[in-house]
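Each remark here refers to the structure printed beneath this line.
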Amino acid sequence: MPFGITMGDASGVGPEILLRAYHANLLANDVFAYGDAAILAAGAKLLELDISLNVIQQPSELIPGTLNVVDLDCLTSEDLTPGKVNRKAGAAARNYVLRATADALAGKIRAIVTLPMNKEATRLSDPTFCGHTELIAAACDTDNFTLMLATPEVVCTHVSTHVSMEESIARCKTDRVLNVITLTHDTLQRFIPNPRIAVCGLNAHAGENGLFGMQDLEEIKPAVDQARINGIDAEGPLPGDTTFYLAVHQDRYDGIVCQYHDQGHAPMKLLAFESGVNVTAGLPIIRTSVDHGTAFDIAWQGKAFTDGLTHAIDYARKLASD
Amino acid sequence: MNTTRPLPRIGIVQGDACGIGPELLSKLLEHEEIHERAQLLVISDKRVFDAGSAVSEIKANIKVISAAADIRFSPGHPQLLDTRCLDPQHITPGEVSIEAGRAVLKTFGLALDLAEAGTLDGICFMPFNKGAMHMAGIGTEDELTWAKQRLGITSRASEFNVIKGMWNARVTSHIPLKEVAGRLSIPHIVEAILLADQTLKKAGYANPRIAVAALNPHAGDGGAIGREEIDIIQPAVIEAQQHQVNVTGPFPSDTLYLKVRDGHYDCALSMYHDQGQIAIKLLGFDQGVSVLGGLPIPIATPAHGTAFDIVGTNRANVQPALNALRIVSAMASDQPHRFA
């Protein structure tokens, strides 16, 4: 079964990266796109890339040696407006994702790999739109999901992300921590039989037995204990400043559960600023994504990195391995 | 380096005798270049020093003296001030010992007294064991606070972590994360920035580039997820800039350390313990150096601990201790220069 890439907002770097990755022979024959053929054709011309497009209706119709596109037919070549917030492009990007998610749920593709949407553009036609991942989760009829940052060596998840430090301390609660441990474990279990999960403490030195804060003992430890009762190889709370070192340099853990945004994002960026992949944990389908946005400022200029897409495809392949 | 001026007089303290400190002493003295950077006084029990030399299999050429009155600094002629405070027969290598803790306080205290008396220009100590020091009755949270009290310093002093030209200091340290925001204030942060500036200048950075970390993710996203950046950190940075300090920020901490690593800044100032420690440990800080800044004399120590698991095996790597000695020598020199 093939892997589907959604090309993302036409004004951003998504379709450009798709075309350039294909042209550089970075896409295998079982990888195809969801998008607009008119944009890809006009974009290839703009980038002066010689690309043979093949428009298909179903993933089963792939022809090797071409860039296969399930053409949602939302846009024309006129709609290729690099770097501009475009209502039609925003709405189209939403359609690619919904179609790909439906195909994944129907078992027609093994995974979806998404290129960036532009929140502002999509909101022009869908004011309720609050995020790419939320859109996919809603289409999958779930609200229990979490972002997982992945590198080949280690993955990390967060008990809270885009909230103030004060709020993230308030969100460090046993049930939340246990839920994130479970989501992390279940996702890794797709390709690791018994993943080793490290759970970071909230405070310095993981609280030093209550000396530097009580959440580590009162909220995090009970979650780790319960996860172990549930059969998960979880360990913690561990000092946040040594956990990544142990995972990466001593291969001690497969996954790390962090308590707040920077506890995970900072080390992950130091480890893999350009090779990081985003995975949505908790969905009934496999979804990976590049670790960047639409980058309107450099879109369609031939500058955007294509590596993120190949890493995201590689990771989807790993998650889909039988 | 101007060789016509006298080299700085540096005291090397033995460290916890149950750890790798004693082995490192003779390894340090073996490096000839260090004698071109400083005049050295080792402060140790001779029996502990000899036990370390037996492990390292290095016979150091050092003159033993038994009283501070006999100290005579001379380049290339290190002295060992025998403190007679610990018989190695009474301790077990690799195990926490109250006697070793007492010897640490005795030797480090002596070094601080010599510095206060004007006999030493800087101190480099081998790893301490916090547990042993607490058992021995240090009575304060750590050696920095203990040194401050002994020297009668009430102004800000701070530990800097240094690795490969990257420096990091913290505004808050060993406190609950929940209390961090409450401890941040404009004067407090300004003070920390100024101390970083002074300390790096002593370490030979003519115009240190200091980057200040934000507290909240994405530096608060314009106030949407936290206001400390707008209300406290940003005003502190602006105030410090008015003191002619080359400081910028606040920056989101998930990209700040990439910029420090890539050489855009010399020093990062973190708001809480793990913010800086996560990054620098990942960047290899176990091979780095800790510098105590804000004291009348510079003090440095290798960042690694007592390494109880490898004591006596002669596997201890002397490079971090050597770097600590180089940094403290550079900082104690009357002509500041970068150590490398």
Side-chain angles (χ1 to χ4, degrees), chain A residues 149 153-154 156 158 160-170 172 200-208 210-219 237-250 256 258-274 276 291, chain B residues 130 134 141 161 166 168 170 172-182 184 213-221 223-230 233 251-262 268 270-287 303 305:
Chain A
L149 306 178
E153 293 84 24
V154 71
C156 96
H158 297 79
S160 69
T161 53
H162 293 116
V163 294
S164 69
M165 184 57 94
E166 186 184 5
E167 178 62 21
S168 63
I169 295 166
C172 177
C200 291
L202 176 73
N203 295 294
H205 303 192
E208 192 92 50
L211 209 57
F212 307 148
M214 295 307 294
Q215 296 92 344
D216 306 279
L217 285 176
E218 292 178 354
E219 303 293 344
L238 300 163
D241 60 349
T242 50
T243 308
F244 278 87
Y245 187 89
L246 292 175
V248 175
H249 296 298
Q250 297 188 12
I256 301 176
C258 297
Q259 301 302 327
Y260 53 89
H261 179 277
D262 287 346
Q263 193 175 45
H265 280 74
M268 290 304 268
K269 284 186 178 166
L270 281 172
L271 289 170
F273 191 63
E274 275 148 17
D291 188 20
Chain B
K130 283 209 165 57
H134 281 282
E141 57 183 280
N161 303 127
M166 297 176 277
N168 188 79
R170 310 189 281 257
T172 70
S173 190
H174 293 123
I175 57 168
L177 196 56
K178 208 181 168 107
E179 289 175 20
V180 168
L184 300 181
L215 173 69
N216 295 295
H218 300 192
D221 258 343
I225 49 173
R227 290 203 50 93
E228 287 84 358
E229 287 74 21
I230 295 172
I233 307 174
F251 295 113
S253 72
D254 60 346
T255 50
L256 169 61
Y257 288 91
L258 292 167
K259 295 180 197 163
V260 175
R261 179 193 66 188
D262 296 341
S270 60
M271 293 298 125
Y272 54 92
H273 179 278
D274 276 3
Q275 190 172 41
Q277 296 300 305
I278 287 173
I280 59 178
K281 287 202 176 167
L282 207 48
L283 294 171
F285 180 56
D286 56 332
Q287 294 301 301

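Every chain is numbered from 1 and lettered A, B, ... according to where its sequence line falls, protein lines coming before strand lines.
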When the 4.5 angstrom heavy-atom criterion is applied to A:L202 and chain B, the contacting part is both
Contact check, side chains of A:E167 and B:I225, non-hydrogen atoms, under 4.5 Å: no
Name the member of A:E166, A:Q263, A:M214 that forms the most heavy-atom pairs with chain B at distances under 4.5 Å. A:Q263
How far apart are the closest heavy atoms of B:S173 and A:A204, and which atoms are they? O-CB, 4.3 Å
Side chain to side chain contact (heavy atoms under 4.5 Å, CB included) partner of A:D241, the single match among B:D274, B:I280, B:L282: B:D274
Distance check, rounded to the nearest 0.5 Å: B:I278 atom CD1 versus A:C200 atom SG? 7.0 Å
So, the part of B:A279 with a heavy atom under 4.5 Å from chain A: the answer is both
What's the separation between atom CD in B:Q277 and atom NE2 in A:H205, rounded to the nearest 0.5 Å? 7.0 Å
Any donor-acceptor pair under 3.5 Å from B:D254 side chain to A:D262 backbone: no
Between B:I175 and chain A, which part of the residue has a heavy atom less than 4.5 Å away: side chain, backbone, both or neither? backbone
Can you check whether A:L270 reaches B:R261 side chain to side chain, under 4.5 Å on heavy atoms? yes
If you take all heavy atoms of A:G213 and B:P176, which pair is closest and at what distance? N-CG, 3.6 Å
Measure the CD-CG distance between A:Q259 and B:L177 for me, rounded to the nearest 0.5 Å. 10.0 Å
Need one label for A:T161: side chain, backbone, both or neither, based on atoms under 4.5 Å from any heavy atom in chain B. backbone
Heavy-atom closest pair (A:A266 atom, B:S253 atom, distance to 0.1 Å) is CB-O, 3.8 Å
How close do A:K269 and B:L258 get, counting heavy atoms only, and between which atoms? O-CD2, 3.4 Å
Measure the acute angle between the ring planes of B:H174 and A:F212, then classify it against the limits of 30° and 60° as parallel, tilted or perpendicular. parallel
Can you tell me if B:N216 uses its side chain to pair, donor with acceptor, with the backbone of A:M165 under 3.5 Å? yes
